[in-house]
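What follows is a short report on a single structure.
Below, read A as the first sequence line, B as the second, and so on, with proteins coming before strands; counting in each chain starts at 1. All values reported here derive from a predicted model rather than from experimental measurement.
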Amino acid sequence: MADFLLYALLAGCGVAVAAGPLGSLIVWQRLAYFGDTLAHSALLGAALGLLLAVDPWLTVLGVAVAIGTILALLQGHPQLNTDSLLGILSHGSLALGLVAISLFDGARIDLNSYLFGDLLAVAPADLWLIAAMTTVVLAGLALCWDALLAITVHPELAAVNGRPVTRLRLLLMVAVAMLVAAAMKVVGVLLVTALLIIPANAARPWSRTPEQMALLAAALGVIAVAAGLAGSWWLDTPTGPSIVTAAALLFVLSYSSGQVAGRGQRA
Amino acid sequence: MTEETLLEVDNASVAFAGRTVLDQVSLRVRRGEIVTVIGPNGAGKTTLIKLALALQIPARGRVWRRPGLRVGYMPQRLHTSAALPLTVERFLRLGGASRAAVVEALVEVGLPERGALPLQSASGGELQRVLLAQALLRTPDLLVLDEPVQGVDLAGQTAMYELIAEVRNRHRCGVLMISHDLHWVMAKTDHVVCLNQHVCCEGHPEQVGNDPAYRALFGDRFVRNVALYQHHHDHRHDLHGDVVCQHDTPAATAPKDDNHG
(Lines give C-alpha, C1' and ligand atoms only; values in the text may rest on other atoms or scores of the structure.)
Protein backbone atom coordinates (compact mmCIF):
# COMPACT_ATOMS: atom_id res chain seq x y z
CA MET A 1 0.00 0.00 0.00
CA ALA A 2 1.27 3.45 -0.85
CA ASP A 3 2.44 5.45 2.14
CA PHE A 4 -0.01 8.27 1.55
CA LEU A 5 -2.92 5.80 1.62
CA LEU A 6 -1.72 4.39 4.92
CA TYR A 7 -1.37 7.89 6.38
CA ALA A 8 -4.86 8.75 5.12
CA LEU A 9 -6.30 5.61 6.68
CA LEU A 10 -4.61 6.21 10.03
CA ALA A 11 -5.63 9.88 10.14
CA GLY A 12 -9.21 9.07 9.23
CA CYS A 13 -9.44 6.26 11.78
CA GLY A 14 -7.94 8.46 14.52
CA VAL A 15 -10.59 11.11 13.97
CA ALA A 16 -13.39 8.52 13.67
CA VAL A 17 -12.44 6.85 16.95
CA ALA A 18 -12.74 10.15 18.86
CA ALA A 19 -15.83 11.14 16.88
CA GLY A 20 -17.71 8.05 18.13
CA PRO A 21 -18.13 8.97 21.81
CA LEU A 22 -18.06 12.74 21.17
CA GLY A 23 -20.66 12.44 18.41
CA SER A 24 -22.83 10.31 20.71
CA LEU A 25 -22.78 13.04 23.36
CA ILE A 26 -23.64 15.64 20.71
CA VAL A 27 -26.57 13.54 19.49
CA TRP A 28 -27.85 12.98 23.05
CA GLN A 29 -27.63 16.67 23.89
CA ARG A 30 -29.17 17.68 20.53
CA LEU A 31 -26.09 19.75 19.66
CA ALA A 32 -25.79 18.77 15.98
CA TYR A 33 -26.24 22.34 14.80
CA PHE A 34 -23.73 23.49 17.42
CA GLY A 35 -21.12 21.14 15.94
CA ASP A 36 -21.92 22.50 12.50
CA THR A 37 -21.38 26.06 13.69
CA LEU A 38 -17.97 25.26 15.17
CA ALA A 39 -17.03 23.38 12.00
CA HIS A 40 -17.98 26.28 9.74
CA SER A 41 -15.99 28.68 11.86
CA ALA A 42 -12.92 26.54 11.11
CA LEU A 43 -12.61 28.13 7.68
CA LEU A 44 -12.28 31.55 9.31
CA GLY A 45 -9.67 30.02 11.60
CA ALA A 46 -7.73 28.65 8.65
CA ALA A 47 -7.79 32.03 6.89
CA LEU A 48 -6.58 33.68 10.09
CA GLY A 49 -3.71 31.20 10.26
CA LEU A 50 -2.64 32.13 6.74
CA LEU A 51 -2.96 35.82 7.52
CA LEU A 52 -0.88 35.60 10.70
CA ALA A 53 1.49 33.03 9.20
CA VAL A 54 0.99 30.61 12.10
CA ASP A 55 -0.02 26.97 12.06
CA PRO A 56 -3.70 26.90 11.00
CA TRP A 57 -4.42 24.15 13.58
CA LEU A 58 -3.92 26.71 16.31
CA THR A 59 -6.08 29.41 14.76
CA VAL A 60 -8.82 26.93 13.87
CA LEU A 61 -8.89 25.77 17.47
CA GLY A 62 -8.81 29.35 18.75
CA VAL A 63 -11.66 30.57 16.53
CA ALA A 64 -13.82 27.51 17.35
CA VAL A 65 -13.33 28.06 21.09
CA ALA A 66 -14.08 31.78 20.67
CA ILE A 67 -17.29 31.07 18.73
CA GLY A 68 -18.31 28.52 21.33
CA THR A 69 -17.75 31.06 24.10
CA ILE A 70 -19.74 33.76 22.29
CA LEU A 71 -22.51 31.23 21.90
CA ALA A 72 -22.44 30.31 25.58
CA LEU A 73 -22.54 34.01 26.54
CA LEU A 74 -25.36 34.95 24.15
CA GLN A 75 -27.46 31.89 24.96
CA GLY A 76 -30.56 32.88 26.84
CA HIS A 77 -30.59 36.34 25.24
CA PRO A 78 -34.24 37.40 25.40
CA GLN A 79 -34.51 38.37 21.72
CA LEU A 80 -32.45 35.65 20.05
CA ASN A 81 -33.42 32.01 19.64
CA THR A 82 -30.56 29.60 20.06
CA ASP A 83 -31.11 28.15 16.59
CA SER A 84 -31.11 31.62 15.00
CA LEU A 85 -27.96 32.47 16.94
CA LEU A 86 -26.29 29.30 15.70
CA GLY A 87 -27.33 30.08 12.13
CA ILE A 88 -25.93 33.60 12.33
CA LEU A 89 -22.61 32.52 13.83
CA SER A 90 -22.34 29.48 11.56
CA HIS A 91 -22.97 31.18 8.23
CA GLY A 92 -21.46 34.48 9.31
CA SER A 93 -18.14 32.85 10.13
CA LEU A 94 -18.25 30.64 7.04
CA ALA A 95 -18.86 33.64 4.79
CA LEU A 96 -16.21 35.70 6.54
CA GLY A 97 -13.77 32.81 6.11
CA LEU A 98 -14.54 32.56 2.39
CA VAL A 99 -14.09 36.31 1.96
CA ALA A 100 -10.82 36.29 3.90
CA ILE A 101 -9.43 33.41 1.87
CA SER A 102 -10.37 35.06 -1.43
CA LEU A 103 -8.22 38.05 -0.43
CA PHE A 104 -5.12 35.87 -0.68
CA ASP A 105 -3.40 34.90 -3.85
CA GLY A 106 -5.97 32.43 -5.14
CA ALA A 107 -3.42 30.22 -6.83
CA ARG A 108 -1.74 29.29 -3.56
CA ILE A 109 -4.79 28.23 -1.62
CA ASP A 110 -6.92 25.25 -2.45
CA LEU A 111 -10.33 26.21 -1.09
CA ASN A 112 -11.70 22.74 -1.90
CA SER A 113 -9.26 21.09 0.48
CA TYR A 114 -10.63 23.17 3.34
CA LEU A 115 -14.26 22.68 2.42
CA PHE A 116 -14.15 18.98 1.57
CA GLY A 117 -10.91 17.79 3.16
CA ASP A 118 -7.71 16.55 1.59
CA LEU A 119 -7.08 13.25 3.29
CA LEU A 120 -4.59 12.02 0.69
CA ALA A 121 -2.34 14.99 1.46
CA VAL A 122 -1.95 14.00 5.14
CA ALA A 123 1.72 14.01 6.10
CA PRO A 124 3.39 12.19 9.04
CA ALA A 125 3.50 15.49 10.95
CA ASP A 126 -0.30 15.78 10.62
CA LEU A 127 -0.64 12.22 11.88
CA TRP A 128 1.11 13.09 15.13
CA LEU A 129 -1.13 16.07 15.61
CA ILE A 130 -4.27 14.04 14.95
CA ALA A 131 -3.03 11.34 17.33
CA ALA A 132 -2.38 13.91 20.03
CA MET A 133 -5.78 15.62 19.63
CA THR A 134 -7.62 12.29 19.54
CA THR A 135 -5.86 11.12 22.70
CA VAL A 136 -6.63 14.34 24.57
CA VAL A 137 -10.29 14.29 23.51
CA LEU A 138 -10.75 10.62 24.41
CA ALA A 139 -8.97 11.01 27.74
CA GLY A 140 -11.09 14.04 28.64
CA LEU A 141 -14.32 12.27 27.74
CA ALA A 142 -13.34 9.06 29.56
CA LEU A 143 -12.37 10.96 32.71
CA CYS A 144 -15.66 12.89 32.89
CA TRP A 145 -17.93 10.31 31.22
CA ASP A 146 -20.47 9.84 34.04
CA ALA A 147 -20.56 13.57 34.74
CA LEU A 148 -21.13 14.32 31.05
CA LEU A 149 -23.95 11.77 30.98
CA ALA A 150 -25.44 13.35 34.11
CA ILE A 151 -25.58 16.84 32.56
CA THR A 152 -27.03 15.27 29.41
CA VAL A 153 -29.91 13.72 31.34
CA HIS A 154 -30.76 16.77 33.47
CA PRO A 155 -28.35 19.73 33.86
CA GLU A 156 -30.04 21.18 36.96
CA LEU A 157 -30.26 17.82 38.68
CA ALA A 158 -26.57 17.32 37.90
CA ALA A 159 -25.80 20.75 39.41
CA VAL A 160 -27.74 19.93 42.59
CA ASN A 161 -25.81 16.66 42.81
CA GLY A 162 -22.55 18.60 42.74
CA ARG A 163 -21.52 18.36 39.07
CA PRO A 164 -19.63 21.41 37.73
CA VAL A 165 -22.08 21.93 34.85
CA THR A 166 -20.47 25.02 33.29
CA ARG A 167 -17.00 23.48 33.31
CA LEU A 168 -18.32 20.26 31.79
CA ARG A 169 -20.05 22.21 29.01
CA LEU A 170 -16.80 24.06 28.37
CA LEU A 171 -14.96 20.72 28.22
CA LEU A 172 -17.42 19.42 25.65
CA MET A 173 -17.08 22.61 23.59
CA VAL A 174 -13.28 22.46 23.59
CA ALA A 175 -13.43 18.76 22.66
CA VAL A 176 -15.66 19.55 19.68
CA ALA A 177 -13.33 22.41 18.68
CA MET A 178 -10.33 20.06 18.82
CA LEU A 179 -12.09 17.40 16.81
CA VAL A 180 -13.11 19.96 14.21
CA ALA A 181 -9.51 21.10 13.89
CA ALA A 182 -8.37 17.49 13.51
CA ALA A 183 -11.18 16.46 11.17
CA MET A 184 -10.84 19.43 8.85
CA LYS A 185 -8.09 17.62 6.91
CA VAL A 186 -10.12 14.42 6.78
CA VAL A 187 -13.57 15.47 5.57
CA GLY A 188 -13.39 19.28 5.41
CA VAL A 189 -15.38 21.90 7.30
CA LEU A 190 -18.65 21.27 5.46
CA LEU A 191 -18.78 17.61 6.39
CA VAL A 192 -17.21 17.47 9.88
CA THR A 193 -20.58 17.26 11.63
CA ALA A 194 -21.49 14.28 9.46
CA LEU A 195 -18.59 12.31 10.96
CA LEU A 196 -19.88 13.17 14.45
CA ILE A 197 -23.58 12.61 13.90
CA ILE A 198 -23.98 9.80 11.37
CA PRO A 199 -21.98 6.95 13.00
CA ALA A 200 -23.54 7.74 16.40
CA ASN A 201 -27.04 7.56 14.99
CA ALA A 202 -26.20 4.41 13.05
CA ALA A 203 -25.09 2.83 16.33
CA ARG A 204 -28.29 3.69 18.20
CA PRO A 205 -30.55 0.76 17.17
CA TRP A 206 -27.95 -1.76 18.36
CA SER A 207 -27.07 -0.18 21.69
CA ARG A 208 -28.58 -0.77 25.12
CA THR A 209 -26.13 1.36 27.09
CA PRO A 210 -24.45 4.72 26.40
CA GLU A 211 -21.05 3.02 26.37
CA GLN A 212 -22.12 0.48 23.76
CA MET A 213 -23.36 3.29 21.55
CA ALA A 214 -20.12 5.30 21.92
CA LEU A 215 -17.92 2.29 21.08
CA LEU A 216 -20.11 1.09 18.23
CA ALA A 217 -20.18 4.62 16.79
CA ALA A 218 -16.37 4.67 16.84
CA ALA A 219 -16.25 1.28 15.09
CA LEU A 220 -18.78 2.33 12.45
CA GLY A 221 -16.80 5.54 11.89
CA VAL A 222 -13.64 3.51 11.26
CA ILE A 223 -15.53 1.28 8.81
CA ALA A 224 -16.89 4.36 7.02
CA VAL A 225 -13.39 5.84 6.73
CA ALA A 226 -11.94 2.60 5.34
CA ALA A 227 -14.84 2.02 2.95
CA GLY A 228 -14.89 5.64 1.82
CA LEU A 229 -11.16 5.64 1.21
CA ALA A 230 -11.37 2.41 -0.77
CA GLY A 231 -14.30 3.72 -2.78
CA SER A 232 -12.51 6.97 -3.50
CA TRP A 233 -9.41 5.00 -4.65
CA TRP A 234 -11.30 2.70 -7.02
CA LEU A 235 -13.89 5.17 -8.30
CA ASP A 236 -11.59 8.19 -8.29
CA THR A 237 -14.02 10.24 -6.21
CA PRO A 238 -13.12 12.91 -3.59
CA THR A 239 -12.18 11.22 -0.29
CA GLY A 240 -14.12 13.41 2.20
CA PRO A 241 -17.51 13.09 0.50
CA SER A 242 -16.83 9.38 -0.17
CA ILE A 243 -16.31 8.77 3.56
CA VAL A 244 -19.49 10.62 4.46
CA THR A 245 -21.39 8.71 1.77
CA ALA A 246 -20.14 5.43 3.23
CA ALA A 247 -21.26 6.58 6.71
CA ALA A 248 -24.68 7.53 5.36
CA LEU A 249 -25.02 4.10 3.71
CA LEU A 250 -24.09 2.44 7.00
CA PHE A 251 -26.76 4.51 8.73
CA VAL A 252 -29.45 3.46 6.25
CA LEU A 253 -28.35 -0.18 6.54
CA SER A 254 -28.28 -0.05 10.34
CA TYR A 255 -31.62 1.66 10.68
CA SER A 256 -33.51 -0.50 8.21
CA SER A 257 -32.19 -3.72 9.76
CA GLY A 258 -32.50 -2.25 13.27
CA GLN A 259 -36.18 -1.50 12.65
CA VAL A 260 -36.77 -5.05 11.45
CA ALA A 261 -34.95 -6.46 14.49
CA GLY A 262 -36.94 -4.14 16.77
CA ARG A 263 -40.23 -5.35 15.29
CA GLY A 264 -39.11 -8.93 15.85
CA GLN A 265 -38.47 -8.22 19.53
CA ARG A 266 -41.84 -6.61 20.09
CA ALA A 267 -43.78 -9.37 18.34
CA MET B 1 -42.10 21.28 66.80
CA THR B 2 -38.52 21.82 67.90
CA GLU B 3 -36.70 19.81 65.25
CA GLU B 4 -33.57 21.33 63.74
CA THR B 5 -33.99 23.79 60.90
CA LEU B 6 -32.64 22.50 57.56
CA LEU B 7 -33.42 25.39 55.28
CA GLU B 8 -34.43 28.96 55.85
CA VAL B 9 -35.36 31.45 53.17
CA ASP B 10 -35.40 34.89 54.70
CA ASN B 11 -37.08 37.83 52.95
CA ALA B 12 -35.73 36.75 49.58
CA SER B 13 -36.56 38.69 46.42
CA VAL B 14 -35.79 37.69 42.83
CA ALA B 15 -36.40 39.68 39.65
CA PHE B 16 -35.88 38.69 36.01
CA ALA B 17 -35.46 41.50 33.49
CA GLY B 18 -37.08 44.01 35.83
CA ARG B 19 -40.09 41.81 36.58
CA THR B 20 -40.43 40.77 40.20
CA VAL B 21 -40.75 37.02 40.50
CA LEU B 22 -40.40 36.66 44.24
CA ASP B 23 -41.08 39.50 46.65
CA GLN B 24 -39.73 39.19 50.20
CA VAL B 25 -40.50 35.52 50.56
CA SER B 26 -39.68 33.71 53.78
CA LEU B 27 -39.92 29.99 54.37
CA ARG B 28 -38.49 27.43 56.78
CA VAL B 29 -38.19 23.66 56.55
CA ARG B 30 -37.39 21.59 59.63
CA ARG B 31 -36.34 17.96 59.83
CA GLY B 32 -39.29 15.58 59.58
CA GLU B 33 -41.61 18.27 58.28
CA ILE B 34 -43.47 18.42 54.95
CA VAL B 35 -43.78 21.96 53.63
CA THR B 36 -45.89 22.38 50.50
CA VAL B 37 -45.86 25.41 48.24
CA ILE B 38 -49.02 26.06 46.26
CA GLY B 39 -49.85 28.91 43.93
CA PRO B 40 -50.91 29.82 40.39
CA ASN B 41 -48.66 29.71 37.32
CA GLY B 42 -46.06 32.43 37.38
CA ALA B 43 -46.31 32.62 41.17
CA GLY B 44 -42.60 31.95 41.44
CA LYS B 45 -42.87 28.40 42.80
CA THR B 46 -40.09 27.06 40.60
CA THR B 47 -37.89 30.06 41.38
CA LEU B 48 -38.42 29.43 45.09
CA ILE B 49 -37.35 25.80 44.58
CA LYS B 50 -34.26 27.03 42.75
CA LEU B 51 -33.40 29.28 45.69
CA ALA B 52 -33.71 26.28 48.00
CA LEU B 53 -31.44 24.26 45.71
CA ALA B 54 -28.88 27.10 45.50
CA LEU B 55 -29.36 27.17 41.72
CA GLN B 56 -30.52 30.78 42.01
CA ILE B 57 -29.15 33.57 44.17
CA PRO B 58 -31.63 36.06 45.65
CA ALA B 59 -31.25 39.71 44.65
CA ARG B 60 -32.18 40.69 48.21
CA GLY B 61 -32.66 38.68 51.36
CA ARG B 62 -30.81 35.46 52.09
CA VAL B 63 -31.08 31.70 51.88
CA TRP B 64 -29.56 29.68 54.69
CA ARG B 65 -28.90 25.97 54.34
CA ARG B 66 -27.71 23.95 57.31
CA PRO B 67 -23.97 23.41 56.81
CA GLY B 68 -23.32 20.02 55.18
CA LEU B 69 -26.97 19.71 54.17
CA ARG B 70 -27.55 16.80 51.79
CA VAL B 71 -30.29 17.57 49.30
CA GLY B 72 -32.20 15.05 47.18
CA TYR B 73 -33.89 16.82 44.27
CA MET B 74 -36.72 15.35 42.25
CA PRO B 75 -37.16 17.45 39.09
CA GLN B 76 -40.48 17.78 37.29
CA ARG B 77 -39.46 15.54 34.44
CA LEU B 78 -36.51 14.38 32.37
CA HIS B 79 -35.83 15.63 28.89
CA THR B 80 -33.75 12.68 27.78
CA SER B 81 -33.44 12.29 24.05
CA ALA B 82 -34.76 9.02 22.64
CA ALA B 83 -31.30 8.70 21.09
CA LEU B 84 -29.79 8.04 24.54
CA PRO B 85 -29.94 4.35 25.47
CA LEU B 86 -30.18 4.47 29.25
CA THR B 87 -31.63 1.92 31.64
CA VAL B 88 -33.19 2.82 34.97
CA GLU B 89 -30.23 1.28 36.80
CA ARG B 90 -27.60 3.10 34.72
CA PHE B 91 -29.44 6.39 35.31
CA LEU B 92 -29.54 5.82 39.06
CA ARG B 93 -25.84 4.97 39.12
CA LEU B 94 -24.83 8.23 37.39
CA GLY B 95 -24.58 9.84 40.82
CA GLY B 96 -21.99 7.28 41.92
CA ALA B 97 -24.34 4.96 43.85
CA SER B 98 -23.40 1.29 44.22
CA ARG B 99 -25.38 -1.46 42.53
CA ALA B 100 -26.68 -2.68 45.90
CA ALA B 101 -27.85 0.82 46.89
CA VAL B 102 -29.71 1.16 43.58
CA VAL B 103 -31.47 -2.19 44.09
CA GLU B 104 -32.49 -1.11 47.58
CA ALA B 105 -33.75 2.29 46.43
CA LEU B 106 -35.83 0.68 43.68
CA VAL B 107 -37.42 -1.65 46.25
CA GLU B 108 -38.19 1.30 48.49
CA VAL B 109 -40.06 3.20 45.77
CA GLY B 110 -41.98 0.06 44.75
CA LEU B 111 -40.13 -0.74 41.54
CA PRO B 112 -38.19 -3.90 42.40
CA GLU B 113 -36.55 -5.65 39.44
CA ARG B 114 -37.15 -2.70 37.12
CA GLY B 115 -33.49 -1.75 36.84
CA ALA B 116 -33.12 -3.08 33.30
CA LEU B 117 -36.07 -1.05 31.99
CA PRO B 118 -35.03 1.55 29.38
CA LEU B 119 -35.78 4.98 30.84
CA GLN B 120 -37.80 5.99 27.77
CA SER B 121 -40.10 2.97 28.20
CA ALA B 122 -41.03 3.86 31.79
CA SER B 123 -44.61 5.03 32.34
CA GLY B 124 -45.33 8.40 33.92
CA GLY B 125 -45.80 6.81 37.34
CA GLU B 126 -42.69 4.65 37.02
CA LEU B 127 -40.60 7.61 35.96
CA GLN B 128 -41.67 9.67 38.98
CA ARG B 129 -40.73 6.74 41.25
CA VAL B 130 -37.36 6.44 39.54
CA LEU B 131 -36.80 10.15 40.11
CA LEU B 132 -37.71 9.74 43.78
CA ALA B 133 -35.30 6.80 44.03
CA GLN B 134 -32.63 9.02 42.54
CA ALA B 135 -33.27 11.66 45.20
CA LEU B 136 -33.19 9.02 47.97
CA LEU B 137 -29.82 7.73 46.76
CA ARG B 138 -28.33 11.04 47.89
CA THR B 139 -29.21 9.97 51.48
CA PRO B 140 -30.85 13.38 51.82
CA ASP B 141 -31.55 15.50 54.88
CA LEU B 142 -33.88 17.52 52.70
CA LEU B 143 -36.03 16.27 49.81
CA VAL B 144 -37.01 18.91 47.27
CA LEU B 145 -39.86 17.73 45.04
CA ASP B 146 -41.07 19.75 42.06
CA GLU B 147 -44.62 18.56 41.34
CA PRO B 148 -44.00 14.91 42.17
CA VAL B 149 -47.23 13.54 40.66
CA GLN B 150 -46.81 14.97 37.17
CA GLY B 151 -47.89 12.48 34.53
CA VAL B 152 -49.25 10.06 37.14
CA ASP B 153 -52.83 8.76 37.00
CA LEU B 154 -55.22 9.44 39.89
CA ALA B 155 -54.71 6.13 41.70
CA GLY B 156 -50.97 6.50 41.26
CA GLN B 157 -51.07 10.04 42.69
CA THR B 158 -52.44 8.85 46.02
CA ALA B 159 -49.85 6.06 46.14
CA MET B 160 -47.07 8.54 45.31
CA TYR B 161 -48.09 10.91 48.10
CA GLU B 162 -48.34 7.98 50.55
CA LEU B 163 -44.84 6.98 49.49
CA ILE B 164 -43.50 10.49 50.11
CA ALA B 165 -45.02 10.52 53.61
CA GLU B 166 -43.51 7.08 54.30
CA VAL B 167 -40.11 8.16 53.06
CA ARG B 168 -40.23 11.21 55.30
CA ASN B 169 -40.94 9.00 58.32
CA ARG B 170 -38.33 6.39 57.46
CA HIS B 171 -35.49 8.78 56.60
CA ARG B 172 -36.38 11.53 59.06
CA CYS B 173 -35.79 14.11 56.33
CA GLY B 174 -37.50 17.40 55.68
CA VAL B 175 -39.61 17.72 52.53
CA LEU B 176 -40.15 20.86 50.48
CA MET B 177 -42.48 20.40 47.55
CA ILE B 178 -44.64 22.07 44.97
CA SER B 179 -48.05 20.48 44.68
CA HIS B 180 -51.27 21.10 42.83
CA ASP B 181 -53.30 18.52 44.67
CA LEU B 182 -55.11 20.63 47.26
CA HIS B 183 -56.88 17.64 48.82
CA TRP B 184 -53.61 15.97 49.61
CA VAL B 185 -52.05 19.21 50.74
CA MET B 186 -54.87 19.61 53.25
CA ALA B 187 -54.60 16.00 54.45
CA LYS B 188 -50.91 15.29 54.75
CA THR B 189 -48.87 18.49 54.78
CA ASP B 190 -47.56 20.01 57.99
CA HIS B 191 -47.20 23.49 56.64
CA VAL B 192 -48.65 25.16 53.54
CA VAL B 193 -47.20 28.23 51.88
CA CYS B 194 -49.57 29.90 49.48
CA LEU B 195 -47.42 31.81 47.01
CA ASN B 196 -48.25 34.46 44.47
CA GLN B 197 -44.94 36.30 44.10
CA HIS B 198 -45.25 37.09 47.80
CA VAL B 199 -46.49 34.75 50.52
CA CYS B 200 -50.28 35.33 50.53
CA CYS B 201 -50.85 33.20 53.58
CA GLU B 202 -49.24 30.27 55.28
CA GLY B 203 -49.64 27.96 58.21
CA HIS B 204 -51.30 24.71 59.11
CA PRO B 205 -53.43 23.45 56.19
CA GLU B 206 -56.77 23.96 57.99
CA GLN B 207 -55.82 27.46 58.97
CA VAL B 208 -54.81 28.29 55.39
CA GLY B 209 -57.92 26.65 53.93
CA ASN B 210 -60.08 29.17 55.79
CA ASP B 211 -57.87 32.16 55.05
CA PRO B 212 -59.61 34.75 52.85
CA ALA B 213 -56.38 35.31 50.89
CA TYR B 214 -56.26 31.60 50.02
CA ARG B 215 -59.91 31.59 48.97
CA ALA B 216 -59.37 34.70 46.87
CA LEU B 217 -56.44 33.08 45.10
CA PHE B 218 -58.03 29.71 44.34
CA GLY B 219 -61.75 30.32 44.66
CA ASP B 220 -64.25 28.18 46.61
CA ARG B 221 -65.68 26.45 43.60
CA PHE B 222 -62.29 25.65 42.20
CA VAL B 223 -61.14 24.05 45.42
CA ARG B 224 -64.11 21.68 45.29
CA ASN B 225 -63.49 20.81 41.65
CA VAL B 226 -59.81 20.04 41.79
CA ALA B 227 -60.24 16.29 41.37
CA LEU B 228 -62.43 16.80 38.32
CA TYR B 229 -59.88 19.01 36.63
CA GLN B 230 -57.08 16.63 37.27
CA HIS B 231 -59.02 13.82 35.74
CA HIS B 232 -59.75 15.95 32.73
CA HIS B 233 -56.06 16.74 32.23
CA ASP B 234 -54.96 13.20 32.92
CA HIS B 235 -53.65 12.39 29.48
CA ARG B 236 -52.64 15.83 28.28
CA HIS B 237 -49.01 15.50 29.23
CA ASP B 238 -47.99 18.77 27.63
CA LEU B 239 -50.35 20.65 29.89
CA HIS B 240 -49.44 19.01 33.15
CA GLY B 241 -49.02 21.38 35.99
CA ASP B 242 -51.20 24.05 34.45
CA VAL B 243 -54.18 22.65 36.26
CA VAL B 244 -54.42 25.08 39.14
CA CYS B 245 -52.82 27.92 37.45
CA GLN B 246 -55.11 28.71 34.57
CA HIS B 247 -57.83 29.47 37.04
CA ASP B 248 -56.00 31.72 39.39
CA THR B 249 -58.93 33.99 40.07
CA PRO B 250 -62.50 33.07 40.92
CA ALA B 251 -63.70 35.04 37.89
CA ALA B 252 -61.59 32.92 35.54
CA THR B 253 -62.83 29.75 37.18
CA ALA B 254 -66.53 30.31 36.74
CA PRO B 255 -66.98 29.74 32.97
CA LYS B 256 -64.71 26.69 33.00
CA ASP B 257 -66.83 25.16 35.73
CA ASP B 258 -69.81 25.25 33.43
CA ASN B 259 -67.94 23.27 30.82
CA HIS B 260 -67.07 20.47 33.12
CA GLY B 261 -69.98 20.01 35.30
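- Atom CZ of residue R163(A) and atom CG of residue L94(B) lie 7.0 Å apart, to the nearest 0.5 angstrom.
- Across every non-hydrogen atom of P85(B) and S207(A), the tightest pair is CB-O, 3.6 Å.
- Only the side chain of E211(A) comes within contact range of chain B, with heavy atoms under 4.5 Å apart.
- Only the backbone of R93(B) has a heavy atom closer than 4.5 Å to any heavy atom of chain A.
- Q56(B) contributes atom CD, which lies 10.0 Å from atom CD of E156(A) (distance to the nearest 0.5 angstrom).
- For chain A, the nearby part of A82(B) is the backbone; its heavy atoms alone come within less than 4.5 Å.
- Put simply, the side chain of T209(A) does not reach to within 4.5 Å of the side chain of T87(B), judged on heavy atoms.
- Residue-environment remark: CD1 (I88(A)) exceeds the threshold of 12 foreign heavy atoms within 6.0 Å.
- Put simply, CZ on R138(B) and CG on N161(A) are 3.5 Å apart, with the number rounded to the nearest 0.5 Å.
- With hydrogens and angles disregarded, a donor-acceptor distance shorter than 3.5 Å links the side chain of W28(A) to the backbone of A83(B).
- Contacts with chain B (heavy atom to heavy atom, under 4.5 Å) involve no residue of residues 240-252 of chain A.
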For this session: Apply side-chain contact (heavy atoms from CB on, under 4.5 Å) to the pair H154(A) and R77(B), showing each step before the final yes or no.
Result: CA-CA 9 Å; H154(A) 200 292; R77(B) 64 187 107 179; over 6 Å; no

Problem set entry | Trace of the side-chain contact (heavy atoms from CB on, under 4.5 Å) decision for V160(A) with L55(B) | CA-CA 7 Å; V160(A) 171; L55(B) 291 174; 4.0 Å; yes

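- Applying a 4.5 Å heavy-atom cutoff, the residues of residues 177-204 of chain A that approach chain B are R204(A).
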Problem set entry | side-chain contact (heavy atoms from CB on, under 4.5 Å) between L157(A) and Q134(B), intermediate numbers included | CA-CA 10 Å; L157(A) 179 60; Q134(B) 181 280 137; 3.4 Å; yes

For this session: Carefully, step by step, assess R90(B) and D146(A) under the rule side-chain contact (heavy atoms from CB on, under 4.5 Å).
Result: CA-CA 10 Å; R90(B) 188 73 182 83; D146(A) 269 20; 2.9 Å; yes

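- Heavy-atom neighbours of R169(A) CZ from other residues, nucleotides or ligands within 6.0 Å: at or below the threshold of 12.
- Of the listed residues (L25(A), L149(A), V27(A)), just one forms a side-chain contact (heavy atoms from CB on, under 4.5 Å) with L84(B), and that residue is L149(A).
- Taking chain A as the reference chain and counting heavy-atom pairs below 4.5 Å, the highest number among G95(B), G96(B), P118(B), P75(B) is found for P75(B).
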